[in-house]
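Below, read A as the first sequence line, B as the second, and so on, with proteins coming before strands; counting in each chain starts at 1.
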Amino acid sequence: MEEKYAFSEIEEKWRGRWERDGVYHVPDFSDRPKYYCLEMFPYPSGHLHMGHVRNYAIGDVVARFKTMRGYDVLHPMGWDAFGLPAENAAIQHGVPPARWTRDNINTMRDQLKLMGGSYDWRREFATCHPGYYRWTQWLFLQLYYQGLAYKGKAPVNWCPSCATVLANEQVVTEACERCKTAVERRELEQWFFRITAYAERLLQDLKKLPGWPEKVKVMQENWIGRSEGAEISFPIRGLDEEMRVFTTRPDTLGGVTYMTIAPEHPLCLRVTVPERRSEVDAFIARARNLSELDRTAGEHEKEGIFTGAYCVNPLNGEEVPIFIANYVLMEYGTGCVMGVPAHDQRDFEFARKYGLPVRVVIQPDGEPLDGDTMPEAYTGPGRLVNTGDFNGLPNLEAIAGITRHLEARGAGRFQVQYRLRDWLISRQRYWGAPIPIVYCDGCGTVPVPKAELPVLLPEDVAFQPTGKSPLTELPEFVHTTCPTCGGQARRETDTMDTFMCSSWYYFRFTSPREDGGPWSLARVDRWLPVDQYIGGVEHAILHLLYSRFFTKFLYDAGLVKVQEPFTNLLTQGMVLKDGAKMSKSKGNVVSPEEILGRYGADTTRLFVLFAAPPERDLEWSDQGVEGCYRFLQRVWRLVTSVLEDIQEAPPRPPDHLVGVNRSMRRLTHQTIKKVTGDIEARLNFNTAISAAMEMVNGMHHFRDRVPAVNRDPAVMREAVEKLLLLLAPFAPYLSDELWARCGHATSIHREPWPEYDPELLVEDRIEIVVQINGRVRDRITVPSGITPAEMEETVLAQSRIRELVAGKEIKKVIPVPGKLVNIVVR
RNA sequence: GCCGAAGUGGCGGAAUUGGCAGACGCACCGGACUCAAAAUCCGGCGGGCUAAACACCCGUGUGGGUUCGACUCCCACCUUCGGCACCA
């Protein structure tokens, strides 16, 4: 009776053995080359979902492959453990966030271990542990001392449902990224990181990341939003003050017929003339109201109101009216915009609505533009008109020319603007790392000294659904003494954005228990940068931009030697069911636990790797899983059925084989080549698995169709062992089990990756295609070493080809070595 | 609106440098084994035409183009998905 593939026992057995033998422990230092393979660590929601399974299956193949290739592979796992869901659970179920999080981690760790990942679990940590967040706080202080963390009042995004502010990056089409509630604008005192100081480097260094998907780089580029132009000052009539604007089109300065200010701008109050005061106030109130209510609706009607004030165009001395307009953003540029209706569509619409003049200053070749009758703004190239000394100049030259002219008169300068804003990191929440700041009446804002870190988050707290952080209501937390003067002081009760915790965790994995600093310099130097980073594309901006910012800051501070944290980035696609993302509300969730229980980890891993290339979305298919299960059973039966035959065989087949033995060896070595290339160069695991399947089909053929006397057992032995080595990264349990049954005393996961012999790939005879006028007309078998001239000769000698070309003129014959011959006839 | 990606059998996908379209898997059909079924093994499987095989024709979102030869390169368009969205 043949033994069945008992995945459940096999997997349990090897899981225990690997752990006992420390198979996946990686040394901090050694002579081997290093490779850092990292998957985005999970938020401990309480259960693994298929996205995790896919992410971690991909990462594990890379890690195992590189290990077999001779690298010391750092492959750690941890928990992004602070965050709002823990607080919601506390409110709903009365469980303290710390306990809820700890329980979830325990559950998820068990699930993750079932998957058979090659993690060095000794390095595990959770960001909510004081041993970790102590250094999160320390890093905050480093930023603070460098002037890169500051408290400022600014209009911020407030999510009424989460009862906290959000970073700009966490607002998706004017709604909270987490809960989709429409955000409100509030003026609040908050902590910011000056990421804008790094805007240019964050942009420029994208060029140093050839291993990142173009898509992600473009998204970051757009997010940073660099634009070149000029800042221009317009003196305000009757006030000793100037109105500054940023423009990318200083060449159109002569066409300015009005000016605008954002409704939130303090200048509004100063310029408005008394007789227009009440009307303007009403407009401002309305505009602000609208911007809160109507923000999700996208673009709305452009409206403005005249302030009664005028300012002076520094180029031509003209006075132009100042408006307040609802389309002007306080947060971008200077909060003021010059209006050039003839050459900007938005200004054009505004001018037509309010009867403002449209003056053409850029004239294209051909039909002259007329400001009074033109149907839309002209934004293309041309020569300047109505601009005094600059008339006749091509507008592209005038951009620099006019800016220089203004600069000489102190009325303007070249300026680069970014769309990127500073990173707001304060959260009015409890379950996060406390911001290590104390407010003292005498000394003001005082950083908590290093020796007093961590500022511990009290874990014993009561939760009321008030929307207020419990920290604000804990006197023993709030009341403290000033580190400077020893007097009475009050602690900051806001906590840090959890993206702060995940901006440096990849450094910590190198020295997870270090307590003299956030990491050991020598260890970070050995392991960083991360060679391969793998995770969802939803972090294209948030996490990946913040991490790059942190790395650059740490580089400047001399704390790390890398300027970019992640050399290669793989953004995996989503796991879909019935064409839609799996979600509870749609009821199309497939539970990893269930699949792992029913088919085992090897099958589950194999399926998510086989069903699609990693960067594409993956459609879940129960039948597809079934197919992978069948494949592994097939491997099991094949290998166990030949064990006896190959036991006595030499480990290496003889050199000069012929016929079926030679073909079998060729297939083995072709497969090694194919699988190696697919993993290493392309990360295309689906085609690697296909190749292994083809090899298994070939091995079946070899076993069943070739008489035993003609088969060299050494050839089968080689095929079996190479196959298991090739499958080891994909199906680690099954391959280790069968490896042991082949008579090996040590784990397959300590074996080197197989090499192929190029000589064995060579075929004696190959089939080539014969085309006539590009259409396949015949196939012939020729010796593989044939020259192009011989190919041509052989093909033209074929009777079938002679018939087909009879009576036609042969214009040209194109032989493609090893592939085909194309005969062009007329 | 702007930016980006993708469109290939009944389905997931393959074709890596412009050279045999549909590898591999799923589904389906036929056969072997079986009292029977399941499992397993073997074979078939883009469409048209044909009694059938051969041959031939069509076929990679649509329409053009380049080329001896195009899923692959160029131009225009359509659809789907993702990102940004009053950014001066």
Side-chain angles (χ1 to χ4, degrees), chain A residues 172-174 213-223 225-227 229 245-249 252 260 262 291 295 298-302 325-329 331-340 344-347 349-350 417-421 537-538 540-541 573-574 579 606-607 610-613 615-628 630-631 633-634 637 674 677-678 681-682 684 686-694 696-697 700-701 704-705 767-779 811-825:
Chain A
V172 179
T173 51
E174 303 299 336
E214 207 52 39
K215 171 171 70 170
V216 174
K217 287 190 280 188
V218 168
M219 279 163 73
Q220 291 210 354
E221 211 175 296
N222 293 341
W223 191 262
R226 182 184 200 273
S227 47
V245 299
F246 171 75
T247 178
T248 54
R249 296 292 306 274
T252 64
T260 54
S291 62
R295 267 203 143 78
E299 259 182 64
H300 32 72
E301 183 75 8
K302 285 153 194 56
N326 64 356
Y327 66 80
V328 182
L329 301 175
E331 300 86 359
Y332 185 77
T334 61
C336 302
V337 185
M338 65 187 206
V340 187
D344 180 285
Q345 188 57 26
R346 190 187 47 204
D347 295 349
E349 285 161 25
F350 190 85
Q417 261 315 315
Y418 300 92
R419 210 193 71 122
L420 183 72
R421 320 244 176 99
V537 73
E538 65 273 19
I541 295 170
M574 286 186 297
L606 201 69
F607 171 73
F610 177 63
E615 66 280 1
R616 273 217 244 170
D617 287 350
L618 179 155
E619 175 69 29
W620 183 265
S621 156
D622 290 330
Q623 285 166 330
V625 180
E626 200 75 48
C628 289
R630 274 206 290 266
F631 170 69
Q633 285 178 299
R634 205 164 135 83
R637 282 193 305 267
K674 170 79 176 149
D678 282 351
R682 310 199 307 162
N684 274 13
N686 55 331
T687 49
I689 294 166
S690 299
M693 286 172 167
E694 284 180 78
V696 169
N697 292 343
H700 262 93
H701 217 276
D704 298 339
R705 309 256 181 111
E767 190 183 71
I768 61 162
V769 161
V770 187
Q771 297 182 333
I772 295 175
N773 290 344
R775 318 188 63 116
V776 181
R777 283 295 179 263
D778 202 4
R779 288 154 207 276
K811 300 272 290 180
K812 213 198 271 191
V813 180
I814 299 144
V816 181
K819 298 247 163 80
L820 55 77
V821 177
N822 189 13
I823 305 165
V824 186
V825 301

Check: Are a donor atom and an acceptor atom from the side chains of Asn697(A) and Arg634(A) found within less than 3.5 Å of each other?
Finding: yes
Checklist line | Selected nucleotide, minimal atom distance to Ala611(A) side chain, candidates G12(B), A23(B), C57(B) | finding: G12(B)
Margin query: The side chain of Arg775(A) is closest to which nucleotide in this list: C24(B), C58(B), G4(B)?
Written below: C58(B)
Margin query: More than 12 heavy atoms of other residues, nucleotides or ligands under 6.0 Å from NZ of Lys217(A): yes or no?
Written below: yes
Note to self: At 4.0 Å (heavy atoms only), tell me whether Thr247(A) reaches a base, stays on the sugar-phosphate, or touches nothing.
What the structure shows: sugar-phosphate
Item checked: Sugar-phosphate, base or nothing in reach of Arg226(A), heavy atoms under 4.0 Å -> nothing
With respect to the phosphate group of [N], does any side-chain polar atom (N or O) of [X] fall under 4.0 Å of OP1 or OP2?
| X | N | result |
| --- | --- | --- |
| Arg616(A) | A14(B) | yes |
| Ser227(A) | A88(B) | yes |
| Arg346(A) | G1(B) | no |

Rounded to whole Å, please give me the gap between [atom1] in [X] and [atom2] in [N].
| X | N | atom1 | atom2 | value |
| --- | --- | --- | --- | --- |
| Met219(A) | C81(B) | CE | C1' | 13 Å |
| Arg419(A) | C2(B) | CZ | P | 17 Å |
| Arg630(A) | C24(B) | CZ | C1' | 13 Å |

Item checked: Short side-chain to backbone donor-acceptor contact, Asp344(A) and Arg346(A), under 3.5 Å -> yes
Item checked: Asp617(A) side chain to Gly573(A) backbone, donor-acceptor under 3.5 Å -> no
Note to self: Let me spell it out: for each of Asn222(A) and Thr687(A), pick the nucleotide of RNA chain B with the closest heavy atom. Which residue's pick is nearer the 5' end?
What the structure shows: Asn222(A)
